[in-house]
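The structure displayed is predicted, hence computed values, not measured ones. In what follows, chains are A, B, ... by sequence order, proteins preceding strands, each numbered from 1.
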Amino acid sequence: MKIATWNINGVKARIDTALAWIKEASPDIACLQEIKSVDEGFPTSAFEDLGYNVATHGQKGFNGVALLSKLPFDEVNRGLPGDDADEHARFIEGVFSVESGALRVVSLYLPNGNPIDTPKFPYKLAWMERLRVWAAERLTYEEPLVLAGDYNVIAEPRDAKDPSLWLNDALYQPETRKAFRAIETLGLTDALRATTDEDGLYTFWDYQAGAFQKNNGIRIDHLLLSPQAADRLVSVGIDKHVRGWDKPSDHVPVHVELRI
DNA sequence: ATGTCGAATTCTATTCGA
């Protein structure tokens with residue numbers, strides 16, 4: 001089973017690109033972030049026409065996440081628990097029936113957190129702690145679980161072309177990296193790093209200053225796997241070529257193949 | 001020289017968030 005994650009940076013502005021990628025990659029489940037659309041504005045029928053079931057958690061203007069799935073949804077849960085005052089649409093969980101039982105897949109858009117001297121940074125860290133608590137609870141189910149999305153975290157120096165450029169950025173603060181490790185050390189596996197120690201592997205390149213042409217990128221889109229999912233991991237890929245298409249998102253899709 | 005982009009409102013221009 002192929003499960004992919006992609007921050008598309010606006011589903012309405014990117015619909016042609018999104019459909020072209022779906023046709024090419026044919027993921028069984030796709031996790032989208034930054035749909036920048038309310039649920040009613042999401043181009044659901046365009047994806048349904050390609051054989052997908054669609055679940056969205058959107059809001060006006062920015063944020064917003066979605067799940068596209070060839071499998072029917074048994075259950076959909078919207079929003080990350082832990083703060084009733086948080087109205088950002090950044091989290092959606094789908095539950096699917098597979099031979100072994102349940103498969104859970106989350107599409108998450110972790111807060112950017114910049115600038116770090118504003119409330120945005122503590123909001124990011126608090127969101128990460130809520131995610132840690134949520135993941136700890138889900139891991140007790142001992143099911144295949146895929147936590148996929150734009151984490152807005154540069155976990156290690158090798159995940160940036162030039163780490164020195166990110167020293168004052170929320171994506172690379174020691175507190176950010178520590179909070180990410182605290183999620184991983186619950187027992188989640190970073191799918192890409194389970195398969196390679198290569199550096200130079202990125203998932204985001206800024207639109208500005210010819211970043212893609214210089215390969216001045218960062219790896220911030222991750223798929224974290226529960227033990228039951230990691231045991232089934234076959235391969236991981238980054239669809240880097242999509243960044244070279246017309247009207248690209250600044251992120252590219254990342255995908256795993258699981259023996260499910 | 002942050003050199004770009006998408007969305008919303010302030011709407012043939014500016015701001016916000018990334």
Exercise. Can you check the A:Asn7 CG to B:dC5 C1' distance for me, whole Å?
Worked result: 12 Å
Exercise. If only side-chain N and O atoms of A:Lys247 are considered, is one of them under 4.0 Å from the OP1 or OP2 phosphate oxygen of B:dG6?
Worked result: yes
For this session: Look at all strands and tell whether A:Arg90 reaches a base, only sugar-phosphate, or nothing, counting heavy atoms closer than 4.0 Å.
Result: sugar-phosphate
For this session: Using the P atoms only, state how far B:dA1 lies from B:dG6, rounded to an integer number of Å.
Result: 26 Å
For this session: Round to the nearest Å and state the distance from A:Tyr151 atom OH to B:dA18 atom P.
Result: 18 Å
Exercise. Atom CD1 of A:Ile15 and atom P of B:dG6: how far apart are they, to the nearest Å?
Worked result: 14 Å
For this session: For the pair A:Arg193 and A:Glu156, evaluate side-chain contact (heavy atoms from CB on, under 4.5 Å) and give the outcome as yes or no after the intermediate values.
Result: CA-CA 11 Å; A:Arg193 287 305 178 209; A:Glu156 299 181 284; 4.2 Å; yes
Exercise. Step by step, would you call A:Leu224 with A:Tyr151 a side-chain contact (heavy atoms from CB on, under 4.5 Å)?
Worked result: CA-CA 10 Å; A:Leu224 299 189; A:Tyr151 280 74; 3.5 Å; yes
For this session: Salt-bridge test for A:Glu175 and A:Lys178: reply yes if a basic N is under 4.0 Å from a carboxylate O, no otherwise.
Result: no
Exercise. Is there a donor-acceptor contact under 3.5 Å from the side chain of A:Asn152 to the main chain of A:Tyr109?
Worked result: no
For this session: Considering only atom C1', compute the distance from B:dG17 to B:dT12 and round it to an integer number of Å.
Result: 23 Å
For this session: Over 60° means perpendicular and under 30° means parallel, so classify the ring planes of A:Tyr123 and A:His88, tilted if in between.
Result: perpendicular
Exercise. Atom NZ of A:Lys124 to atom C1' of B:dG17: distance rounded to whole Å?
Worked result: 14 Å
Exercise. In terms of the nearest nucleotide of DNA chain B, which residue is placed more toward the 5' end: A:Lys60 or A:Asn152?
Worked result: A:Lys60
Seminar exercise, completed: Out of B:dG3, B:dA18, B:dG6, minimum distance to the side chain of A:Ala209 belongs to B:dG3
For this session: Describe the nucleic acid contact of A:Phe204 in one word from base, sugar-phosphate, nothing, applying a heavy-atom distance below 4.0 Å.
Result: nothing
Exercise. For A:Asp250 and B:dC5, what is the distance between atoms CG and C1' respectively, to the nearest whole Å?
Worked result: 8 Å
For this session: Determine: side-chain N/O of A:Lys120 to OP1/OP2 of B:dA18, distance under 4.0 Å, yes or no.
Result: yes
Exercise. Over how many whole Å does the gap from A:Gln33 atom CD to B:dG17 atom P extend?
Worked result: 20 Å
For this session: Measure the distance from CD on A:Gln59 to C1' on B:dA8 and round it to the nearest whole Å.
Result: 13 Å
For this session: Compare the minimum distances between each of B:dG17, B:dG6, B:dG3 and the side chain of A:Arg14, then state the nucleotide with the smallest one.
Result: B:dG6
For this session: Please measure how far the P atom in B:dC16 lies from the corresponding atom in B:dC11, and state the result in whole Å.
Result: 15 Å
Problem set entry | Separation between the C1' atoms of B:dA18 and B:dT2, rounded to whole Å | 13 Å
Problem set entry | Atom P, compared across B:dG3 and B:dT14: separation rounded to whole Å | 16 Å
Seminar exercise, completed: A:Asp150 CG to B:dG6 C1', in whole Å, measures 15 Å
For this session: Run the salt-bridge test on A:Asp190 and A:Arg219 with the 4.0 Å N-O cut-off and return the result as yes or no.
Result: yes
Problem set entry | Contact nearer the 5' end of DNA chain B, comparing A:His88 with A:Lys12 | A:Lys12
For this session: Indicate, with a heavy-atom threshold strictly under 4.0 Å, whether A:Ala13 touches base, sugar-phosphate, or nothing.
Result: sugar-phosphate
